[in-house]
Amino acid sequence: MRSKGHLVELLGSDYIRGIALLSGGQATAALIPIFSAPVLGRIYSPADYVLLAIFISVSQLFVVVASLQYRHAIIAEKSDRRALTALGLCISLNAIIASVVLLAVVSFFLIKRELFTVFQNGWWLLFLPLSVLVNSFMLAVSTYANRLERYKIMTSIQIVAALLSVVVPIWLGLLGWGGNGLMTALMISQIAAAALYVSWLFADIGSNKRRIASYRELKISALRNRRFPFFTLPGVLLSSMSMQVPIFALTFLGAETALGAFNRARSLVSMPSTLMGEAVGQGFRARASRQYRETGTCRTLMVKSMLGMSLLGFFPFGVLFVWGEPVIALYLGPEWKIAGTIATILAPMLYLRFISAPFGAVFQFTGRQKLAFKLNVVFSILIISSVSYCLYIGVDALGVITAFSVAYAAVHTVQLITSIVIS
């Protein structure tokens with residue numbers, strides 16, 4: 001009876017209400033591109049998504065480095081004042097690193113322009129620094145908003161960005177822009193979301209009379225939280241590189257159709273689960289980190305949350321695994337049949353990721369950054385070696401994707417077990 005009382009208390013808590021609000025907003029943001037996918041699938045071909053896939057992959061690698069992973073300090077800090085200082089540190093580092101990326105990209109463009117003509121419309125890579133800047137800024141500010149439990153503003157911005165990412169490419173696609181329409185929509189949605197976060201941040205600082213951190217405070221914050229760039233950054237960077245391995249492998253094979261289909265299938269299929277996972281993860285981090293600081297454990301909360309995620313994802317991922325190919329082909333159009341095949345291959349891996357990903361933050365607020373780094377090194381070696389071996393023996397594009405999916409399924413299983421143990 002006591003455990004039942006705890007469950008009732010948990011279900012009626014601010015934690016669950018916060019997750020419900022985030023999940024509702026996340027679900028709305030996810031449904032917008034899902035419902036528009038049949039239209040986009042008949043306007044754009046897999047080849048139109050090639051540059052978009054490469055651009056996003058490279059951008060995500062730089063975003064990982066942009067704040068040196070100091071954004072985790074925003075959650076880990078014991079006071080809101082220190083959390084705001086950590087946010088200021090992240091924004092400062094974002095600006096510096098984005099400037100370095102800008103200098104590097106412009107230099108390469110001026111010296112070796114042929115690098116930008118490998119793919120059609122490769123000049124879009126000149127916008128890479130701007131994408132890195134706005135994405136790293138949004139990541140830091142959304143972490144700060146999550147700490148303050150400002151769930152309404154977070155979900156509102158996500159919905160606005162989702163709407164723009166659908167309306168703009170449909171409009172430009174009908175005008176015959178092709179891949180340029182997809183890239184334009186990406187930049188517009190990112191800039192608009194960043195502008196909304198800027199507006200909210202200034203309003204929050206002004207209304208609560210929060211003081212901007214001084215240079216000395218930023219320096220102290222950087223030293224106090226130095227474990228994040230030393231241990232978290234290398235591990236997360238390796239993990240991010242591992243996620244992009246199929247993009248670079250398919251590029252190496254010259255399999256443009258498979259590359260575009262892989263990018264579209266992975267983003268479309270994983271979008272609902274990723275958004276739901278982020279909602280649970282954001283709510284879990286705020287509650288679990290506080291609980292861990294107060295009691296030294298958050299295992300009960302973690303196990304209950306994981307069980308809920310496993311039940312929530314079992315049916316949709318099961319359907320995807322069994323009937324993914326005909327469903328995707330019917331939904332996106334006959335030209336996208338290969339995307340359905342890829343979705344079926346990725347289904348088991350995505351299900352395990354759906355369960356485990358929201359709880360990766362436990363390594364950060366429990367002080368297990370060294371363990372996370374060691375695990376990420378082993379995981380990255382496993383994934384990169386698996387895909388590289390497939391390339392070496394001459395496996396085709398679908399074989400490469402299968403090797404990636406199997407390796408990552410093993411990774412998420414180990415992460416799941418380890419997270420429970422250390423919580």
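Residues: numbered from 1 along the sequence shown.
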| request: Take Gln69 and Leu237 through the test side-chain contact (heavy atoms from CB on, under 4.5 Å) and record every step on the way to the result. | output: CA-CA 10 Å; Gln69 292 299 303; Leu237 181 59; over 6 Å; no

| task | Dump the intermediate steps for side-chain contact (heavy atoms from CB on, under 4.5 Å) on Gln60 and Ile247, then the final yes or no. | result | CA-CA 12 Å; Gln60 287 177 345; Ile247 299 294; over 6 Å; no

| task | Answer yes or no: is there a donor N or O on one side and an acceptor on the other, between the side chain of Ser165 and the main chain of Ala162, under 3.5 Å? | result | yes

| field | Heavy-atom side-chain proximity of Tyr49 to Leu40 below 4.5 angstrom | value | yes

| task | May I ask you to test the Val378-Leu382 pair for a side-chain heavy-atom distance under 4.5 Å? | result | no

| said: I'd like to know whether CZ of Phe228 has more than 12 heavy-atom contacts from other residues, nucleotides or ligands below 6.0 angstrom. | reply: yes

| query | Quick one: are Leu148 and Asp204 in side-chain contact, heavy atoms under 4.5 Å? | reply | yes

| task | Please step through side-chain contact (heavy atoms from CB on, under 4.5 Å) for the pair Leu186 and Ile56, ending with a clear verdict. | result | CA-CA 9 Å; Leu186 175 70; Ile56 292 176; 4.1 Å; yes

| Main-chain N/O of Leu223 paired with Arg226 side-chain donor or acceptor, under 3.5 Å | yes

| Residue pair Leu196, Trp200: steps toward the side-chain contact (heavy atoms from CB on, under 4.5 Å) verdict | CA-CA 6 Å; Leu196 291 173; Trp200 170 80; over 6 Å; no

| task | Mind checking the CG-CG spacing from Leu89 to Leu93? Nearest 0.5 Å is all I need. | result | 4.5 Å

| query | Quick check: does any side chain N or O of Ser36 sit under 3.5 Å from a backbone N or O of Pro33, one acting as donor and the other as acceptor? | reply | yes

| field | Exceeds 12 heavy-atom contacts within 6.0 angstrom, atom CE of Met241 | value | no

| query | For the atom pair OG (Ser386) and CG (Leu391), what is the distance rounded to the nearest 0.5 Å? | reply | 11.0 Å

| task | Measure the shortest side-chain to side-chain distance between Ile74 and Cys90 over non-hydrogen atoms and say whether it is less than 4.5 angstrom. | result | yes

| Between Ser59 and Phe55, is there a donor-acceptor pair closer than 3.5 Å when you use the side chain of the first and the backbone of the second? | no

| message | Donor-acceptor check, side chain of Ser199 to backbone of Ala195, threshold 3.5 angstrom: yes or no? | response | no

| query | Do Leu201 and Leu87 have side-chain heavy atoms sitting under 4.5 Å apart? | reply | yes

| query | Got His412 and Ile355 here, is their nearest side-chain heavy-atom distance under 4.5 Å? | reply | no

| said: For the backbone of Gln415 and the side chain of Thr418, can you confirm whether one donor and one acceptor N or O come within less than 3.5 Å of each other? | reply: no

| field | Atom pair CE/CZ of Met349 and Arg266 - distance to nearest 0.5 Å | value | 7.0 Å

| query | Is there a side-chain contact between Tyr197 and Met154, using heavy atoms and a 4.5 Å cut-off? | reply | yes

| message | Looking at every non-hydrogen atom in both residues, tell me the closest pair between Cys390 and Val400 and how far apart they are. | response | CB-CG2, 4.2 Å

| query | Trp336 side chain to Gly41 main-chain N or O, any donor-acceptor pair under 3.5 Å? | reply | yes

| message | Check whether Asn263 reaches the backbone of Gly260 with its side chain - one donor and one acceptor, N or O, closer than 3.5 Å. | response | no

| query | When you measure from the side chain of Ser240 to the backbone N and O of Val236, does any donor-acceptor pair fall under 3.5 Å? | reply | no

| said: For the CZ atom on Phe127, are there more than 12 heavy atoms of other groups (residues, nucleotides or ligands in this structure) within a distance under 6.0 Å? | reply: no

| field | Heavy-atom donor-acceptor pair, Ser405 side chain to Ile345 backbone, under 3.5 Å | value | yes

| field | pair Tyr408-Met243: side-chain heavy atoms closer than 4.5 Å | value | yes

| field | Mutual orientation of the aromatic rings belonging to Phe262 and Phe404 [parallel < 30°, tilted 30-60°, perpendicular > 60°] | value | perpendicular

| request: Answer yes or no: does atom OH of Tyr331 have more than 12 heavy-atom neighbours from other residues, nucleotides or ligands under 6.0 Å? | output: yes

